[in-house]
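Read through the structure below, which is laid out as structure tokens, and then see the notes.
Below, chains carry the letters A, B, ... as their sequence lines are ordered, and counting in each starts from 1.
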Number of protein chains: 2
Amino acid sequence: MNTDNYCPLNYTMNLIGSKWKPLVLFHLLEGPLRSGMLQKKVPEISNKMFTQTVRELEKDGLIARKVFPVVPPKVEYTLTARGKSLESILKALDQWGLEDLKK
Amino acid sequence: MNTDNYCPLNYTMNLIGSKWKPLVLFHLLEGPLRSGMLQKKVPEISNKMFTQTVRELEKDGLIARKVFPVVPPKVEYTLTARGKSLESILKALDQWGLEDLKK
DNA sequence: ACAATAACTTACCTAAAAGTAGTATAGTAA
DNA sequence: TTACTATACTACTTTTAGGTAAGTTATTGT
């Protein structure tokens, strides 16, 4: 291990450096969403991967999960303060894609 | 497929949404590096993954590969204009990690 | 009584990612 | 002639990611 070259980007990537996490976070920027709606926003994701992704994001304190004790179940996801602090980055990534697509 | 919810972030993630790509790009921000040096900057990466990563980044036009016909081989990697356009995002990701680590 | 509902969870399987170790190259220095 | 260099490729194996399909829950509407 080369500690000389340690950089915080490593840490960031370990938290959100996967295919789905940024997408899920991005769609929560506009406000809380219930589980089904959030999943529909990321159409390519499978049910299993969605559950796995939100579980990890919750564990890392980037989103919060709120369960309403009703039937059928209602579960809502919200960005935490920590999650919200990624807002400008997520928007910049989206914007970059938009600009790059023009070329 | 839900085209209603298409967002450019998908596109961005397909280009740089992997564990290693942002790290490799980040270390090239300060200027060109030869292969061995660049690889040392990302100590956890395996030789194979490094080669694969730079190949893909090159294919996608984010970095340029320059081979010097000497022995032993010398290969240098540089950010292209397209790669450089990610600078603020890469620095923001690094900075975010730095801030987050304080908490 | 039974189907429908939303949000999972689990078991099982395949595909893709990643690690390991070995090989090639072609000069130069010993 | 042998070892060393930096870069990369390959075959092989392991690990992880991901997909599919089924089951679970408890209430409400038929």
Side-chain angles (χ1 to χ4, degrees), chain A residues 1-2 4-5 9-11 13-25 27-28 31-60 62-79, chain B residues 1-2 5 9-10 12-28 31-60 62-79:
Chain A
M1 183 162 52
N2 189 335
D4 288 343
N5 296 305
L9 180 52
N10 271 287
Y11 170 80
M13 296 314 290
N14 284 335
L15 274 181
I16 57 162
S18 79
K19 187 174 175 184
W20 303 116
K21 286 178 183 178
L23 286 163
V24 169
L25 292 170
H27 290 297
L28 286 175
L33 280 177
R34 58 187 298 187
S35 189
M37 287 309 297
L38 179 54
Q39 190 168 347
K40 279 195 196 108
K41 299 262 184 186
V42 192
E44 319 84 7
I45 202 174
S46 74
N47 177 250
K48 182 185 155 188
M49 275 302 105
F50 176 74
T51 303
Q52 203 175 102
T53 302
V54 291
R55 284 286 166 285
E56 281 174 31
L57 289 173
E58 191 196 2
K59 176 176 66 60
D60 292 333
L62 294 170
I63 65 176
R65 180 167 183 265
K66 187 175 179 187
V67 182
F68 297 81
V70 296
V71 168
K74 177 177 175 181
V75 175
E76 231 179 48
Y77 292 103
T78 327
L79 287 184
Chain B
M1 183 164 50
N2 189 335
N5 295 307
L9 180 52
N10 271 286
T12 307
M13 295 315 289
N14 284 334
L15 274 181
I16 57 161
S18 78
K19 188 175 176 185
W20 303 116
K21 287 178 181 178
L23 285 162
V24 168
L25 293 170
F26 182 76
H27 290 298
L28 286 174
L33 280 177
R34 58 186 300 185
S35 189
M37 287 309 297
L38 179 54
Q39 190 168 347
K40 279 196 197 106
K41 298 263 185 186
V42 192
E44 319 83 7
I45 202 174
S46 73
N47 177 250
K48 180 187 157 186
M49 276 300 104
F50 176 74
T51 304
Q52 203 175 103
T53 301
V54 290
R55 284 287 165 283
E56 282 173 30
L57 290 172
E58 191 196 2
K59 176 176 66 59
D60 291 333
L62 294 169
I63 66 176
R65 181 168 183 262
K66 188 176 179 185
V67 181
F68 297 82
V70 295
V71 168
K74 176 177 175 180
V75 175
E76 230 180 49
Y77 293 104
T78 328
L79 287 184

- Item | Protein-nucleotide distance (B/K19, atom NZ; D/dT15, atom C1'), rounded to Å | 12 Å
- Query: Is there a donor and acceptor pair, one atom on the side chain of B/K74 and one on the base of D/dA6, closer than 3.5 Å?
  - Reply: no
- C/dA11, C/dC8, C/dT20: which one has an atom nearest the side-chain heavy atoms of B/K48? C/dT20
- Query: Under a 4.5 Å cut-off applied to non-hydrogen side-chain atoms, are B/Y77 and B/S35 in contact?
  - Reply: yes
- Task: Ignoring backbone atoms, test whether A/R34 places a side-chain nitrogen or oxygen under 4.0 Å from the OP1 or OP2 oxygen of C/dA7.
- Result: yes
- Message: In this structure, how many angstroms lie between the P atom of D/dG18 and the CD atom of A/E44, rounded?
- Response: 12 Å
- Query: Taking atom P of D/dA8 as reference, at what distance in whole Å does atom CD of B/E56 sit?
  - Reply: 15 Å
- Assign each of A/G36 and B/V71 to its nearest nucleotide of DNA chain C by heavy atoms, then name whichever residue's nucleotide is nearer the 5' end. A/G36
- Query: If you check the A/S35 side chain, which of C/dC8, D/dT7, C/dA6 turns out closest?
  - Reply: C/dC8
- Side chain of A/M49 (C-beta onward), nearest among D/dC9, C/dG27, D/dG19: D/dG19
- Item | Distance in angstrom units between A/Q52 CD and D/dA17 P, rounded | 7 Å
- Message: What is the separation between atom CZ on A/F68 and atom P on C/dA7, rounded to the nearest whole Å?
- Response: 11 Å
- Message: Of the options C/dC8, D/dA6, C/dA6, whose atoms approach the side-chain atoms of B/P72 most closely?
- Response: D/dA6
- Query: Would you say B/Y77 reaches D/dT7's phosphate, i.e. side-chain N/O to OP1/OP2 under 4.0 Å?
  - Reply: no
- Item | Integer-rounded Å distance: D/dT7 P and B/E76 CD | 10 Å
- Message: Just the rounded figure in Å: distance from P of D/dA17 to CZ of A/F50.
- Response: 18 Å
- Task: Specify the separation, in whole Å, of atom CG of A/N47 and atom C1' of C/dT5.
- Result: 15 Å
- Query: Of the candidate nucleotides C/dC8, C/dA6, D/dT7, which contains the atom at the shortest distance from the side chain of A/T51?
  - Reply: C/dC8
- Task: Without swapping roles, check the side chain of B/K21 against the backbone of B/L15 for a donor-acceptor pair under 3.5 Å.
- Result: yes
- Query: Within the pair B/R65 and D/dT7, is there a side-chain N or O less than 4.0 Å away from OP1 or OP2?
  - Reply: no
- Can you find a pair of side-chain heavy atoms, one from B/M37 and one from B/R34, that are under 4.5 Å apart? yes
- Message: Counting C-beta onward and ignoring hydrogens, is there a side-chain heavy-atom pair between B/Q52 and B/F50 closer than 4.5 Å?
- Response: no
- Query: Mind checking whether B/T51 and B/Q39 have side chains closer than 4.5 Å, heavy atoms only?
  - Reply: no
